[in-house]
There are 2 protein chains.
Amino acid sequence: MTDKRQQLIETAFALFYRYGTHAVGINEILKQSGIAKKTLYTHFDSKASLVEAVLHYRDERFVNWLDQRMQDSEPGKAGILAMFDALDDWFNDRVETLAKFNGCFFINTCGEYAEAEALPHQLCCQHKSRVRDLIEAQVKSLGEVKEPEWLVDILALLKEGAIVTAQVQGDKQAAIKARRLAEQMLTAQEVSQK
Amino acid sequence: MTDKRQQLIETAFALFYRYGTHAVGINEILKQSGIAKKTLYTHFDSKASLVEAVLHYRDERFVNWLDQRMQDSEPGKAGILAMFDALDDWFNDRVETLAKFNGCFFINTCGEYAEAEALPHQLCCQHKSRVRDLIEAQVKSLGEVKEPEWLVDILALLKEGAIVTAQVQGDKQAAIKARRLAEQMLTAQEVSQK
DNA sequence: ACACAGGGAGACAGGTCTGTCTACCATAAA
DNA sequence: TTTATGGTAGACAGACCTGTCTCCCTGTGT
């Protein structure tokens, strides 16, 4: 029962992530998952609510993965740099949990629902806030920082830049380049602290 | 004659930029532009070739605008910072040349054609290369730089990060934040140079 | 053994999409 | 005046979309 629902979400995610939500029809999802149309409509009101569920699913999966990777290192500088290492693994398809890299699902979806009022757009925004919270927690562990808010924003901005560069330009080294700058900033931070 | 063609491209761009290329139908473009379907198909083979033309149009328009803004300042540091100022104007809808800010048309379109083999994806990639070239020219004017390639990459990456942050999170200050970091980097560069 | 719920298969309605085609109307050159 | 040309208007075909509905099969609890 809930098994079918999950299966639908996962199949839909794989297709949406590859081809975009508008480009993929319900029938394609049904064909690939081998699930009947009736079953889909018992679990979801409409395609829009399936899209919504897929966004929730990916959000949880992605944030959990990233959080785990950051928790594996010491809080603070190491944790932040671990984020960029995690991104590097993602870009180069060394993470089984996430699908083959195709950019950020939320940035892509946001492009399809560009109006700020659209629900998918808002869900994407919420996802980015959750990721920002992970960074913020690490920055707080750094100790006294001149302008912590700005540092958090810049680190998040670097992350977004790396993702887009890796996808559009196909530059799989983007995370490493961003990591280097982050390291410089954090080192400068340490020095000025002493 | 070519007038109609241009009109179609501009109407199509306005709609594609707002709603995405897949979400907008040919008929909507025709209705808004008041042009007949037959005329469209004398100028373009298919919707795909219209999308292609729109990407070229936006590419030229955007690159020309950004280039102009950078040329208005002294080459080097000032030129680079002028780029971030230009972005700030764009994000906050102070540029008539570009439409109301809705993220980067190329990033959005790339999300819709996520596969690297897709032609639109490649055109988006080419656009980003052209923008990178603008940055590269400015970095060359800086004089001796330790690793100019890396600096160019990072500045481009900051630019992408600012655009995405401004769109998804709605943070209209993103360009200013990125500009601040760029300024710090370039100042550090100057100091180490002496 | 029997009733019943869950799901597979897919027909179907109603709408939209792209792309073609016909019919008609301008304007301007010959 | 006549004849191209380029445009408008829109019917139309054929495909595909979402969402509903019916029919049938299968497994499970009683």
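Each chain gets a letter, A, B and so on, in the order its sequence line appears, and its residues count up from 1. In this text the structure is predicted, and so the values were computed from the model without any measurement.
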Would B:Lys172 and B:Asp88 pass as an ion pair if we require N to O under 4.0 Å? no
For atom NZ of B:Lys4 and atom P of C:dA26, their distance in whole Å: 14 Å
Any base atoms under 4.0 Å from B:Thr39, or only sugar-phosphate, or nothing? Heavy atoms, all strands. base
Calculate the interatomic distance between B:Ile35 atom CD1 and C:dG19 atom P; express it in whole Å. 17 Å
State which residues pass side-chain contact (heavy atoms from CB on, under 4.5 Å) with B:Thr42; sequence neighbours excluded, sorted by chain then number. B:Thr39
Quickly work out the B:Lys31 NZ to D:dG10 C1' distance and round it to whole Å. 14 Å
Quick note, salt bridge (charged side-chain N to carboxylate O under 4.0 Å, His left out) partners involving residues 72-87 of chain A, not counting sequence neighbours, are A:Lys77-A:Glu190, A:Asp85-A:Arg179
B:Arg5 CZ - D:dG6 C1' separation (whole Å): 16 Å
For A:Leu40, answer base if it contacts any base atom (sugar-phosphate contacts may also be present), sugar-phosphate if it contacts only those atoms, and nothing otherwise; contact means non-hydrogen atoms under 4.0 Å. nothing
Considering only nitrogen or oxygen atoms on both sides, find all protein atoms under 3.5 Å from nucleotides 17-24 of chain D and state each distance.
residue : atom : partner : partner atom : Å
D:dT18  : OP1  : A:Ile26 : N            : 3.3
D:dT18  : OP1  : A:Lys47 : NZ           : 3.2
D:dT18  : OP2  : A:Ile26 : N            : 2.6
D:dG19  : OP2  : A:Tyr41 : OH           : 3.0
D:dG19  : OP2  : A:Lys47 : N            : 2.8
D:dG19  : N7   : A:Lys37 : NZ           : 3.2
D:dG19  : O6   : A:Lys37 : NZ           : 2.6

Using distance only, find each side-chain donor-acceptor pair of residues 95-109 of chain A under 3.5 Å and give its atom names and separation, not counting sequence neighbours.
residue  : atom : partner  : partner atom : Å
A:Asn108 : ND2  : A:Asn102 : O            : 3.1
A:Thr109 : OG1  : A:Phe105 : O            : 2.7

Could you state the atom-to-atom distance from CG of B:Leu8 to P of D:dG7 in whole Å? 10 Å
Of all pairs that satisfy ring pair (Phe, Tyr, Trp, His ring centres under 6.0 Å), the ones with a partner from residues 134-175 of chain A, not counting sequence neighbours: none
Under 3.5 Å, side-chain donor or acceptor atoms of residues 157-166 of chain A against the rest of the protein: list the pairs with distances, not counting sequence neighbours.
residue  : atom : partner  : partner atom : Å
A:Glu160 : OE1  : A:Lys128 : NZ           : 3.0
A:Glu160 : OE2  : A:Lys128 : NZ           : 3.4
A:Thr165 : OG1  : A:Gly161 : O            : 2.7

